[in-house]
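So the structure is just underneath, and the comments pick up after that.
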Amino acid sequence: MATGTELSSLRSLMAEAYLNESAAQNFYNSTRNISTNSRPIMLGFKAISELMMCKHLSNPVTKLSYFNRGRKHLEQAISVESNNPELRFMRFCTQVNAPDLLGYNTSVKTDKIFLIDYLKTEKKLAEKKDPSLYANVKKFLLNTRYCSTEEKNLIKQL
C-alpha cells in the first residue's frame with residue numbers, strides 16, 4: 001500500500017504538472033521507474049504522468065505515443081484494482097479532458113456513478129479514509145459538465 005506521504009507527494013507533483021511543462025517533466029521523471037508490476041495506485045500515477053506530458057508536447061506523434069502508453073498503464077492499473085476510487089478518478093478526469101477523436105471516453109458514465117457512490121459511502125464514515133481525495137473528487141464533480149444539476153445538488157449535500 002502506498003503511504004500517505006507518498007500519495008501526498010505524488011498528488012502535489014500531479015497538480016503542478018498540469019500547470020507547467022517543467023513540473024510535468026519532474027512528475028514524469030519521478031514516476032518513470034515505476035514498473036508495470038508495481039502496486040496499481042503507483043502504476044496509476046505513472047500513467048497520469050505520461051498523460052500529463054501530452055499537454056506540454058507539440059509533436060503530435062510524440063503526444064500520441066505518451067497518450068497511448070499512459071492510457072494502457074491506467075487501464076492496466078484499473079483492471080487489477082477496479083474499486084480503487086483514486087484510479088477511477090484519474091480515468092474520469094482523463095476521459096472528460098481527452099479530445100473526442102482519441103475515443104477514450106467509454107467509461108465516463110460508469111466512473112461518474114462510481115465516484116458519486118464513493119462520495120456517498122465516505123460521507124457516512126465518521127472519519128473519512130482519505131479526506132484529500134474526497135475533497136478533490138467532490139470539487140471536480142461539482143465543476144464538470146458531465147454531472148447534471150440533480151447530480152450536483154446531491155453532491156453538494158455530501
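Separation of atoms CG (L133) and OG (S8) is listed at 12.0 Å; rounding is to 0.5 Å. Rounding to the nearest 0.5 Å gives a distance of 4.0 Å between CZ of F45 and CD of E86. Put simply, OH on Y118 and CG on N84 are 9.5 Å apart, with the number rounded to the nearest 0.5 Å. To the nearest 0.5 angstrom, H73 atom NE2 is 13.5 Å from M90 atom CE. Taken from OG in S65 to CG in L57, the straight-line distance is 9.5 Å, to the nearest 0.5 Å. With values rounded to the nearest 0.5 angstrom, Q25 atom CD is found 13.5 Å from M52 atom CE.
Other residues, nucleotides and ligands place more than 12 heavy atoms under 6.0 Å from the CD atom of E75. Within a 6.0 Å sphere centred on NZ of K152, other residues, nucleotides and ligands contribute more than 12 heavy atoms. Atom CG of N59 has more than 12 neighbouring heavy atoms from other residues, nucleotides or ligands inside a 6.0 Å radius.
Without hydrogens or angle criteria, R88 side chain to S82 main chain gives a donor-acceptor distance under 3.5 Å. A donor-acceptor contact shorter than 3.5 Å is absent between the side chain of K46 and the backbone of N33. With hydrogens and angles disregarded, no donor-acceptor distance shorter than 3.5 Å links the side chain of S107 to the backbone of T110.
Remark: K112 fails to qualify as a cation-pi partner of F92 under the 6.0 Å distance and 45° angle criteria applied to the six-membered ring.
For S30 against L10, the heavy-atom pair with the smallest separation is OG-CD2, 4.5 Å. When every heavy atom of S35 is checked against every heavy atom of L43, the shortest pair comes out as O-CD1, 4.0 Å. Nearest heavy atoms, L87 versus G44: CD2-CA, 3.7 Å. The heavy-atom pair separating A47 from L74 by the smallest distance is CB-N, 3.4 Å. The shortest heavy-atom contact between V80 and P40 is CG1-CG, 3.5 Å. For the pair H56 and A24, the tightest heavy-atom approach, listed with the atom from each and the gap, is CD2-CB, 3.3 Å.
Side chains of R32 and N29 form a contact here, defined as non-hydrogen atoms less than 4.5 Å apart. Residues L119 and L141 have side chains in contact (heavy-atom distance under 4.5 Å, counting atoms from C-beta outward). Between L115 and F140 the shortest side-chain heavy-atom distance does not fall below 4.5 Å. Under the 4.5 Å side-chain criterion, counting only non-hydrogen atoms from C-beta, M42 is in contact with E6. Residues Y146 and E151 fail the side-chain proximity criterion, which asks for heavy atoms closer than 4.5 Å. For the pair V137 and P85, the minimum side-chain heavy-atom distance is 4.5 Å or more. Contact annotation: the side chain of I116 approaches that of K120 to within less than 4.5 Å [non-hydrogen atoms, C-beta and beyond].
A salt bridge links R11 to D130: at least one charged side-chain nitrogen sits closer than 4.0 Å to a carboxylate oxygen. Salt bridge K138/E122: absent, no basic N to carboxylate O contact under 4.0 Å.
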Step by step, work out the side chain to side chain contact (heavy atoms under 4.5 Å, CB included) result for R91 and Y104.
-> CA-CA 9 Å; R91 181 170 66 187; Y104 190 49; 3.6 Å; yes

Given the rule in the side chain to side chain contact (heavy atoms under 4.5 Å, CB included) test, do Y18 and M14 qualify, once you have shown the distances and angles that lead to the verdict?
-> CA-CA 7 Å; Y18 186 75; M14 182 174 64; over 6 Å; no

Residues M53, F27; criterion side chain to side chain contact (heavy atoms under 4.5 Å, CB included); working and verdict | CA-CA 9 Å; M53 287 299 293; F27 180 40; over 6 Å; no

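The hydrophobic clustering, which links ILVMFWY residues whose side-chain heavy atoms are closer than 4.5 Å, places I78 and V108 apart. Cluster membership for L142 and F89, using ILVMFWY side-chain heavy atoms within less than 4.5 angstrom, is shared. Residues L51 and L101 share a hydrophobic cluster, clusters being chains of Ile/Leu/Val/Met/Phe/Trp/Tyr side chains in contact below 4.5 Å. Under the 4.5 Å side-chain contact rule for hydrophobic residues, I34 and F67 share a cluster.
Judged purely by distance below 3.5 Å, without hydrogens or angles, the side chains of N153 and Q157 never pair a donor atom with an acceptor atom.
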